[in-house]
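Note that ligands are numbered from 1 as they come in the structure, with each ligand's atoms numbered from 1 the same way. Treat the numbers as computed from the prediction; the structure is a model and nothing was measured. In this chain, residues are counted from 1 in sequence order.
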Amino acid sequence: MRIDDVRRIDLGTFVRPVEETGTGEPRVEAVYGYVVRAPDGVLLLDTGLGDAGWETEEWYRPVRVPMDEALGVAGLTTDDVSLIVNCHLHFDHIGGNPRFAGRPLFCQRRELDLARAGDYTVPELVDFAGASYELIDGEAEIAPGVHVVPTPGHVDGHQSVVVVCDDGSVVLAGQAHDSASQWSADALAAQAPRLGHRTPLPDPSPWMTRILDFDPRRVVFAHDAAVWVP
Ligand SMILES: [Zn+2]
């Protein structure tokens, strides 16, 4: 695999209402998935905005890109996808999961437990006919060179994917951070003691050191088109 075998796909946008932005204005936010042409088949991280009912539709006003169209831009069809990973199970990351019934769907056991406990996501998008979960407790190599690493924060069961390519690693961070700049600050917090800074210092995310161990060349996000590079 090469870094360029990892492609972003555009799954749509929604408008975060002024009540949630804190900026005095609504904000248009993107929803991205990622495809990885791994030797054993194509991995898809996240499947876009689900239908969470009329209240959520009116609140977030989503505009969806159909999955066939989104994959088509990357030269793929749904039949090409052999495994699915969800960074977490909120409605804006699992909308297309039922399209992939029967195919292995990798998620943290803790995340599925939370999703099934209620008041968390769209239940029909979690336990659909043919849902075939491969549950992970912590870190796992789910395919050669494809590592799932827990990155709790946004939610307890959040996970990211590290793809170890011949020319470096790519981190599909999902929503481990909302933006590349937040990631950048967290990465610096993890490196601060080594850089010679003395306390007081910010607390980095507990998983950041583990991710940086992979020496990523790129980190990409579910809701930010910006890319972190070292
Ligand atoms: Zn999200």
### Task
State, to 0.1 Å, how close Val219 and Ala173 come at their nearest heavy-atom pair, and which atoms those are.
CG1-CB, 3.7 Å
### Message
Only N/O/S atoms count here: what is the atom of Asp92 closest to the Zn ion (ligand 1) called?
### Response
OD2
### Task
Classify the angle between the aromatic ring planes of His88 and His93 as parallel (below 30°), tilted (30 to 60°) or perpendicular (above 60°).
tilted
### Query
Parallel, tilted or perpendicular for Trp207 and Trp183, by the 30°/60° rule?
tilted
### Query
Can you find a pair of side-chain heavy atoms, one from His147 and one from Val164, that are under 4.5 Å apart?
yes
### Task
Measure from the Zn ion (ligand 1) to every N/O/S atom of His93 and report the name of the nearest one.
NE2
### Query
Counting backbone and side chain alike, does His88 bring an N/O/S atom below 2.8 Å of the Zn ion (ligand 1)?
no
### Query
Closest to the Zn ion (ligand 1), which N/O/S atom of His223 is it?
NE2
